[in-house]
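We number each residue from 1, following the sequence as shown.
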Amino acid sequence: MLDRQDQPAEPRASAPPTLQYADPSTAPPEGPLEPYNRTAETIGMIPTLRWSDNLMQAVAVAGGTALGVLVGYLLGGGSFAILGALIGLVLSTLVSGLALMLAGLARGRRRV
């Protein structure tokens, strides 16, 4: 009978690669959500949970909606202000989402 020492070693599962930054000063601070955010930026199509990303999108959507209300009111009065708000809301959401997508790609490219 073969002794445990005579048996070939079982293959070990390799550890996932760690991400290195070309410039360590540009590395984001590690937190409990950082692995999720890294995965979201690598895979795409799922939102990151970064506070700065959410704040930027909230400000952009609020500003776009306010701008839509103003433009709608100036072009057609009170009833068009609601239509302008809806158009501003949709457009600013799409544009800020595109900006966040490009920012995530830029963050991913900084990693080596």
Side-chain angles (χ1 to χ4, degrees):
M1 203 157 179
L2 289 176
D3 193 15
R4 176 84 175 146
Q5 295 173 354
D6 296 334
Q7 294 177 356
E10 295 179 17
R12 289 184 174 172
S14 62
T18 58
L19 297 173
Q20 301 291 324
Y21 281 82
D23 181 9
S25 65
T26 62
E30 288 288 323
L33 293 176
E34 190 57 33
Y36 171 81
N37 289 328
R38 229 182 275 139
T39 303
E41 291 168 353
T42 303
I43 295 173
M45 301 304 291
I46 56 176
T48 63
L49 299 176
R50 295 183 196 281
W51 175 251
S52 60
D53 289 354
N54 291 328
L55 181 63
M56 190 277 294
Q57 188 160 27
V59 169
V61 170
T65 304
L67 184 64
V69 167
L70 180 64
V71 169
Y73 183 76
L74 291 176
L75 291 179
S79 61
F80 283 98
I82 295 173
L83 181 63
L86 290 174
I87 292 171
L89 178 70
V90 170
L91 288 179
S92 61
T93 300
L94 293 175
V95 170
S96 64
L98 179 67
L100 286 174
M101 180 187 73
L102 294 175
L105 287 174
R107 278 188 214 119
R109 290 195 181 267
R110 282 188 286 187
R111 295 186 182 122
V112 175

Asker: Between Ser96 and Gln57, which heavy-atom pair has the shortest distance, and what is it?
Answerer: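 Smallest interatomic distance, heavy atoms only, reads OG-NE2, 3.1 Å.
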
Asker: What closest approach, in Å, do Thr93 and Leu89 show between heavy atoms, and which atom pair accounts for it?
Answerer: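 Between these two residues, the closest heavy atoms are OG1-O, 2.7 Å.
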
Asker: Shortest non-hydrogen contact from Met56 to Ala99?
Answerer: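 Answer, listing the atom of Met56 first, then Ala99: CE-CB, 4.4 Å.
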
Asker: CD1 of Ile82 to CD1 of Ile87: how many Å apart, nearest 0.5 Å?
Answerer: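 Spacing of CD1 (Ile82) from CD1 (Ile87) equals 12.0 Å.
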
Asker: Restricting to non-hydrogen atoms, name the atom on Ser92 and the atom on Ala60 that form the minimum distance, rounded to 0.1 Å.
Answerer: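 Minimum heavy-atom contact is CB-O, 3.6 Å.
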
Asker: Could you give the side-chain donor-acceptor pairs of residues 63-79 under 3.5 Å, partners two or more places apart or in another chain?
Answerer:
from, atom 1, to, atom 2, distance (Å)
Thr65, OG1, Val61, O, 2.8

